[in-house]
Number of protein chains: 2
Amino acid sequence: MQLSNSSQYAIRILAYMADNKDSKLLNATELAKTLYIPYKFLTKIMTELVKSGLVVSIRGRDGGYKFEKKTSEIMVSDILAIFNDSIKNEQCVLGIGFCNGLCKCALHDQWVEPKHLLQKMFQESSLEDIAGKGCKI
Amino acid sequence: MQLSNSSQYAIRILAYMADNKDSKLLNATELAKTLYIPYKFLTKIMTELVKSGLVVSIRGRDGGYKFEKKTSEIMVSDILAIFNDSIKNEQCVLGIGFCNGLCKCALHDQWVEPKHLLQKMFQESSLEDIAGKGCKI
DNA sequence: TATAAATACTACTTAAAGGTAGAATTAATT
DNA sequence: AATTAATTCTACCTTTAAGTAGTATTTATA
């Protein structure tokens, strides 16, 4: 019952970037050091974020990363989607596959409310919202 | 954001057993067939359930499994504990390790309510409660 | 134009979860 | 005592997530 490491790292990275979005560019070495994320793993994640259009990268000397979109327009759920970590409506606690209309699992009804709360939390938290909140380590 | 397959299977198995607790014993072959769970994986799970005292096994011909405790006294949270799938208080969404008092992650506050709901759902659902509810496949 | 510092790409390794195979053990029945 | 049908044990295989290594590419600056 946890997000993948990739998702967790990505959210932390982007939240940190949102904290420091005044500084033009942030590079992988700095991000990895200050966030205690393995450098090579971080660059892999950053490339995903670039490909999905949340972030742009400037290559070459003095390069780094910055946001492509406004931080108020990037929701945590957008980040989860990139790493296949979204909570889907059809997904159930005892799903393994999925609960469908014909066959509701034993915890189907109990799951409805927590699921909605989780989805709400991810869909309604923008990077702007969580910037400055908490430490990012 | 999902329970392990072992936990999901275990809950489904035990819920099915609770549905049929009038029949003296249920054996692995039958359980595997009716619940579409790989036989060998199911027996592995059952052995865990026996070791943890939720279920007793009768070995040898005409053997099988039955509950050791009352179904009203077995909570879903007890099952999760066996497979290290419990939702711990200290565990946070962006935890990877854990959020501690000094360092609260960016989603720490948003996580409090869904976490409690999840814990509540697991701690307050007994096998008796969910028996007969939904199909078990 | 050479150098240095950055991202990107390809491929690999490691660790954990998920699942399988086969033999050993147990016990009722014939 | 032999057979059969059940659980249990030990060991292995497979798949996926997590993480690492090395090289190629890009670009500012001296």
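A, B, ... follow the sequence lines: proteins, then strands. Residue 1 opens every chain.
One interatomic measurement links the two molecules: CG of B:Leu31 to C1' of D:dA5, which rounds to 15 Å at whole-angstrom precision. A straight line from CG of A:Asp85 to C1' of D:dT16 spans 13 Å, rounded to a whole angstrom. Atom CG in B:Asn27 sits roughly 10 Å away from atom C1' in D:dT7 (whole-Å rounding). Whole-Å rounding puts the B:Met46 CE to C:dT20 P distance at 17 Å. In this entry the distance linking CD1 of B:Ile45 with P of D:dT8 reads 13 Å, nearest Å. Between A:Glu48 atom CD and D:dA18 atom C1' the separation is 14 Å, expressed in whole Å. C:dA17 atom P lies 11 Å from atom CD of A:Gln2, rounded to whole Å. In this structure, B:Tyr9 places its OH atom 9 Å from C1' of C:dG19, rounding to the nearest Å.
For the pair A:Lys51 and C:dC9, the criterion of a side-chain N or O lying under 4.0 Å from OP1 or OP2 is met. Residue A:Tyr65 has a polar side-chain atom (N or O) positioned under 4.0 Å from OP1 or OP2 of C:dA8.
The side chain of B:Ser57 lies closest to D:dT7 when the candidates are D:dT7, C:dT7, C:dA27. Here the nucleotide nearest the side chain of A:Phe41, chosen from D:dA18, D:dT8, C:dT20, is D:dA18. Of all nucleotides listed (C:dA24, C:dT7, C:dG19), C:dG19 comes nearest to the side chain of B:Asn5. Nearest nucleotide to the side chain of A:Asp62, out of C:dT7, D:dT29, D:dG22: D:dT29.
Residue contacts for B:Ser4: at a heavy-atom cut-off of 4.0 Å it reaches the sugar-phosphate backbone alone, with no base atom in range. Here A:Phe83 lies out of heavy-atom contact (under 4.0 Å) with every strand. Counting non-hydrogen atoms under 4.0 angstrom, A:Thr43 reaches nothing in the nucleic acid.
Of the candidates B:Tyr36, B:Phe83, B:Tyr39, B:Phe41, B:Phe41 is the only one forming a ring pair (Phe, Tyr, Trp, His ring centres under 6.0 Å) with B:Tyr9.
Between the side chain of A:Arg59 and the base of D:dT25 there is at least one donor-acceptor pair of N/O atoms closer than 3.5 Å.
Taking for each of B:Lys40 and B:Lys44 the nucleotide of DNA chain D with the nearest heavy atom, the 5'-most of the two is the partner of B:Lys40.
Annotation: B:Glu30, atom CD; neighbour count of heavy atoms from other residues, nucleotides and ligands within 6.0 Å is above 12.
Summarising the geometry of A:Ala18 relative to A:Thr71, their closest heavy-atom pair is CB-CG2, 4.0 Å, with the distance given to 0.1 Å. A:Cys92 and A:Cys105 get closest at one heavy-atom pair: SG-SG, 3.5 Å.
The hydrophobic cluster containing B:Leu94 does not contain A:Leu117, counting ILVMFWY residues as joined when their side-chain heavy atoms lie under 4.5 angstrom apart, directly or transitively.
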